[in-house]
Amino acid sequence: MSSYVINGTESLGVEFGSTRIKAVLIDKDFNPIATGSHDWENKLVNGIWTYSLDDVWKGLQDAYSRLNDDVFKRYGVKIKKLSSIGFSAMMHGYLPFDKNGNQLAEFRTWRNTITSEAAEKLTALFDFNIPQRWSIAHLYQAILNGEEHVKDISYLTTLAGYVHWKLSGKKVLGIGEASGMFPIDSAANTYDAEMTQQFDNIPEVSEFSWSLADILPEVLQAGDSAGTLTENGAKLIDPTGNLESGCILCPPEGDAGTGMVATNSVRAKTGNVSAGTSIFSMIVLDKLLSKVYEEIDMVTTPTGKPVAMVHCNNCCTDLDYWINLFIEFSRLSGSELTKAQIYDMLYNTALDGDKDCGGIVTFNYFSGEPVAKLTSGRPLLTRTENAAFNLSNFMRAQIYSTMAVLKIGMEILENEKVEIDTLMGHGGLFKTELVGQKLMAGAMNTPVAVMETAGEGGAWGIAILAKYAADHTDELLEDYLDKRVFSKYKSSVVQPDSGDVKGFADYMKLYKKALAVEEAAVKNI
């Protein structure tokens, strides 16, 4: 049992990811001292990717209970008091409520590609890219669809905002998360007032009794007080009643913002790549882009700085399915290799493959991929008749497929002469040492760094933001992270290998041509 004493100075971070709800408890020096998690999965119901809100609370309670078990195992006590808590979740989506707090429509997640008409019209109206997954696109699409519930909307929020609201009573969002609902004016650090008025003036919108400003959450910055945990909120987290109310809550953030914090990528010219169920890059800009690109989302850091985001809906899901196939074969063969060993073996064999994958191309599209102009997806493996079809090339193609669409978006930033000192990599793709990092460096032709904290992820990032709020400091977030958090952690940097750069470029030529095959698969399968 550890000599560490749980004394109520700890901060808790909880992130609702696409496949896992993770809770991380940190001490006053930002060290993770206990964790707990709950696996969950979205469901396709009536053509909509969704999670039930009952599952939100069951998952939170289970993750917290497992965290508590870990605390008891390590320190011999259960959590009673906390200094601060932060909640984060997958960004975007649609969660509307009426004046009595009743849910009006199913939770429509970021994974849905059902708002193309709305996104296109709003992008033209605002002269600002509105991606399909943004909350405002979902709202306008519901209006265009003539959905009955829209007239009764009193509050529209995201998953992170919903959880925070129920636990604190506060209808607020961190600015990074808010920037995935509606465009932000980084000078005013709130929703763009001109665009808000433009939306309200749309004829089919002006018929409603509400205005957009009335139904969106209040925007807060990192470090702002976002309320405290209520008694009912404490019981929602810990039904045993052991957790005390009253601790500080920081502004709820999205997984993009927590990824920036967890990789210390909040200064201009820094960037990170998060690679898990989805993959996205976040590049903090020192100057705005020259024009609007539908492949580039303009969001913000947790303090409101402009960020160019390339978001791709698909990353490791198909890769994991293929590896699970090998795991199944391993079990049939009587092998005693662990799941982790099989992952590492298969990832590492990719480094022995041909730089261009030898004529193999895979598409990992489980859902639509807007950057590739596809509203639906079909996982697909194809190859030329003379392809060098072996395990190393197969695995390299699988890993390349996780970053191929990201490259399409990043090419735009290359053409815009956006400067990136280093990309910080985090997420499942980087768990096996070196492989994902090396191939990503070649694919993006940019140095890629992985910190020793990379495995902690967004739950650790939101725990840091919770402590930042509790510290009531005037220190800028970027200085706070540099001096207090990351000064003691090491990172490894991999420079792009010229052979990998050329090989990935050759792979992308075939990949882009083969997009026509993927399109045909969507239409015919």
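What you see is a predicted model; the values in this text were computed from it and never measured.
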Problem set entry | Pairs touching residues 253-276 that satisfy ring-ring contact (aromatic ring centres under 6.0 Å, His included), sequence neighbours left out |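 Every candidate ring-ring contact (aromatic ring centres under 6.0 Å, His included) pair involving residues 253-276 fails, so no pair, neighbours aside, qualifies.
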For this session: Can you label the angle between the Phe30 ring and the Tyr480 ring as parallel, tilted or perpendicular, going by 30° and 60°?
Result: perpendicular
For this session: Look at the rings of Tyr191 and Phe182 and say which category their plane angle falls in: under 30° parallel, 30 to 60° tilted, over 60° perpendicular.
Result: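 If you compare the ring of Tyr191 with that of Phe182, the planes turn out perpendicular.
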Problem set entry | Test log, rule salt bridge (charged side-chain N to carboxylate O under 4.0 Å, His left out), inputs Lys28 and Glu10 | CA-CA 6 Å; Lys28 60 183 178 61; Glu10 296 80 17; over 6 Å; no
Problem set entry | Pairing of Arg267 and Asp482 as salt bridge, 4.0 angstrom limit |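 A salt bridge is present here (some side-chain N lies under 4.0 Å from a carboxylate O).
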Exercise. Going by an N to O cut-off under 4.0 Å, is there a salt bridge joining Lys407 and Glu411?
Worked result: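 Glu411 and Lys407: not salt-bridged.
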Problem set entry | Residues which pass side chain to side chain donor-acceptor pair (under 3.5 Å) with Gln197, listed by chain and number, not counting sequence neighbours |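 Partners of Gln197 by the side chain to side chain donor-acceptor pair (under 3.5 Å) criterion, ordered by chain and then number, come out as Asn201.
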Exercise. What residues form a side chain to side chain donor-acceptor pair (under 3.5 Å) with Asp421, not counting sequence neighbours?
Worked result: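 Expected list: none.
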Exercise. Should Arg484 and Asp479 be marked as a salt bridge (charged side-chain N to carboxylate O under 4.0 Å, His left out) after you check the CA-CA gap, both sets of side-chain angles, and the distance that decides it?
Worked result: CA-CA 8 Å; Arg484 301 202 198 188; Asp479 293 335; over 6 Å; no
For this session: With the side chain counted from C-beta on, respond yes when Ser18 and Tyr51 share a heavy-atom pair under 4.5 Å apart, and no when they do not.
Result: yes
Exercise. Side chains of Val485 and Asn264: closer than 4.5 Å at any heavy-atom pair?
Worked result: no
Problem set entry | Chi angles and distances behind the side chain to side chain contact (heavy atoms under 4.5 Å, CB included) call for Lys373, Glu295 | CA-CA 9 Å; Lys373 309 293 191 298; Glu295 298 89 351; 3.2 Å; yes
Problem set entry | Those residues that, when tested against Lys287, pass salt bridge (charged side-chain N to carboxylate O under 4.0 Å, His left out) (two or more places apart) |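 Salt bridge (charged side-chain N to carboxylate O under 4.0 Å, His left out) check on Lys287 returns nothing, list empty.
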Problem set entry | Residues forming a salt bridge (charged side-chain N to carboxylate O under 4.0 Å, His left out) with Glu218, sequence neighbours excluded | none
Problem set entry | Aromatic contact, Tyr511 with Tyr400 (centres under 6.0 Å) | no
Exercise. Is the centre of the Trp322 ring less than 6.0 Å from the centre of the Tyr343 ring?
Worked result: no
Kindly list each side-chain donor-acceptor pair under 3.5 angstrom involving residues 345-363, sequence neighbours excluded, with atom names and distances?
from: Asn348; atom 1: ND2; to: Asp344; atom 2: O; distance (Å): 2.8
from: Thr349; atom 1: OG1; to: Ser392; atom 2: OG; distance (Å): 2.9
from: Asp354; atom 1: OD2; to: Asn393; atom 2: ND2; distance (Å): 3.1
from: Lys355; atom 1: NZ; to: Asp500; atom 2: OD1; distance (Å): 3.1
from: Asp356; atom 1: OD1; to: Gly358; atom 2: N; distance (Å): 3.0
from: Thr362; atom 1: OG1; to: Ala397; atom 2: O; distance (Å): 3.3
from: Thr362; atom 1: OG1; to: Ser401; atom 2: OG; distance (Å): 3.3

For this session: Would you indicate whether Glu475, at its atom CD, is surrounded by more than 12 heavy atoms from other residues, nucleotides or ligands within a distance under 6.0 Å?
Result: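 Yes.
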Problem set entry | Working for side chain to side chain contact (heavy atoms under 4.5 Å, CB included), residues Asp185 and Glu194 | CA-CA 9 Å; Asp185 177 353; Glu194 182 180 351; over 6 Å; no
Exercise. Short question: side chain of Gln437, backbone of Ser492 - any donor-acceptor pair under 3.5 Å?
Worked result: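 Yes; judged by distance alone, with no hydrogens or angles, the pair exists.
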